[in-house]
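Beneath this line is the structure, given in structure tokens, with notes to follow.
Predicted model only: the values in this text are computed from it and were never measured. Lettering of chains follows the sequences in order, A, B, ..., and the numbering in each one begins at 1.
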Amino acid sequence: MATRDNSLIQVTDLKKHYNMGAIKALDGVTTDICKGDVVVVIGPSGSGKSTFLRSLNLLEEPTGGSILFDGIDITKKKYVNSEGKKVKLNIDELRQKMGMVFQHFNLFPHMTILDNMTLAPVKVKGMAKADAEAKALALLDRVGLKDRAGAYPIQLSGGQKQRVAIVRALAMEPQVMLFDEPTSALDPEMVGEVLDVMKELAKEGMTMVCVTHEMGFAREVGSRVLFMADGKLLEEGTPEDIFGRPQNPRLKDFLAKIL
Amino acid sequence: MCIRRGMTKVSAALILAALRFPCICRGHAFYHFIPKGVFMGSFIQLSNFPKILPYAQLFRQGIIVTVMLSLFTVAIGFCIALVLALMRLSNIRPFRFLGKTKEGYQREKGFLALLSRFNPLSFIATAYVELLRSTPVLVQIFIIYYGVFGIINLPSFSMFGFIKFDRFFPGVVALGMNSGAYLCEIIRSGIQSIDGGQTEAARSLGLSQVQNLRYIILPQALKNILPAIANEFVVIIKESAITYTIGVQDIMSAVNAVKGATFIIVEPLLVATAIYFCLCFPTSKLIAYFERRMSRGDKR
């Protein structure tokens, strides 16, 4: 497989089958995500977009194929490290490098916003509490929520919650951010504030994989667009190619329906 | 009129006898000691209460024993329950590989699929819970006391000068094991009531399974199951009365002692009723208070 130099995640023939292969959520997806890429995954519901995204940090265990992250096949239980030794794959360590943002925010309701953000840096990375808090506040300031640090998630609006969820993931300083339909559960007037944060993130050069129905975002921010249907990657290309010169009939049909 | 009044008296006496008779008959060994004269007279005689007074010390010690018994039972029961609940929710399947077909698919039907889903830890915990829930606590206490601690000799000393350890300890163990089974189901339902997204968020941040449980799942689960736990605590206080059958000197044994010495039954039972109520009612109120306090974060 041809690889680009700065490839971060290489997905090869990724499969996720249920019921003895009768249901194929993912049916041989092959793609390549490079550093600095903003990959937007689009497609009709049930096409396997979310399964694909969740497979990347192993929230779903794929039944076949491989995912190379930083040169390590994370679908195998063991890998060979730089010294040539066989080492057990530490899935928690891997997930620290991949931030994930969910459709339903999944903030921890029993903690304040600040605690939500400092929990992982303190408990997982062993950061000092004061440092983690200072960093969390700086991040919150970036998304304009510094004054809500002491509030509980239930006291925030949907858009605010999602902005917190994004900076919570950023607090772990991930190499790639995965977005699973981050704006789908939001009221329309709140979609913009979340997309703005994501756009800013993309501008800063963060590698992002984003499953979304926001075609405007895909067109404006995406460096590459993947179109999935029935568990297969049917077409990929630049936003101009995908939206301007769609080739696959399924994609043409899909775009006709939503645009 | 006269005949009618006579009839009323007779029927009243019959009702009273009927009211007393079951309580006398059912209380295991009670009726051996009761002279026939006790059947006469009214249900409650106020003059009997002062006769209990000399035994107040027994009741006082009984209260302490009951409270200690309940506290230890809760502590042991909760630890057992937490371990059992985690065992039931564990996902360790040693024969998992048998469920895979040659093509790497998961088998759906058949013996191999069944075997591949077998989780020994969960099986043991489930068996324990079902066994303890389906047998009377009295039988369990007797088995622990006569069976297990008939072989293991406990040191016989007294705590606070009146709690006999060799009877208290088996009582605590038996009650703890029993309530562990019930609390296990409560904790399990609490853990399962937490949205799966919480675990996904925690794990995607890099938290380990244990950290997820410790910082995310259990704090939320405990809040949800607090009413059920309160109920179980109250049940434990009440159920501890059964330990008088193995000679633990709790409130019920004080009742028994009064009965044996004075042949007064109903009045000490009423005293015991009042004491148990005064223990249980504030307990449930106290937990209701904590519940309100913990749910403050839920409000906008």
Need one label for [X]: side chain, backbone, both or neither, based on atoms under 4.5 Å from any heavy atom in chain B.
X	result
A/M172	side chain
A/H17	side chain
A/F102	side chain
A/R168	both

Please find the pair of heavy atoms, one from [X] and one from [Y], that lie closest to each other, and give the distance.
X	Y	answer
A/M198	A/M208	O-CE, 3.6 Å
A/V101	A/P182	CG1-CB, 4.3 Å
B/Q192	B/L89	NE2-CD2, 3.3 Å

Exercise for the section: Flag the one option from A/L94, A/I91, A/L107 with the top tally of heavy-atom pairs under 4.5 Å to chain B. Expected result: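 The option with the most such pairs is A/L107.
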Handout entry: Partners meeting salt bridge (charged side-chain N to carboxylate O under 4.0 Å, His left out) with B/R93 (sequence neighbours left out)
Key =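 Residues passing salt bridge (charged side-chain N to carboxylate O under 4.0 Å, His left out) with B/R93: none at all.
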Problem - Proximal component of B/Q211, with respect to chain A [non-hydrogen, under 4.5 Å] - result: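 Contact with chain A involves the side chain of B/Q211 alone.
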Practice task
Over 60° means perpendicular and under 30° means parallel, so classify the ring planes of B/F168 and B/F72, tilted if in between.
Solution key: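 Geometry flag for B/F168 against B/F72: perpendicular rings.
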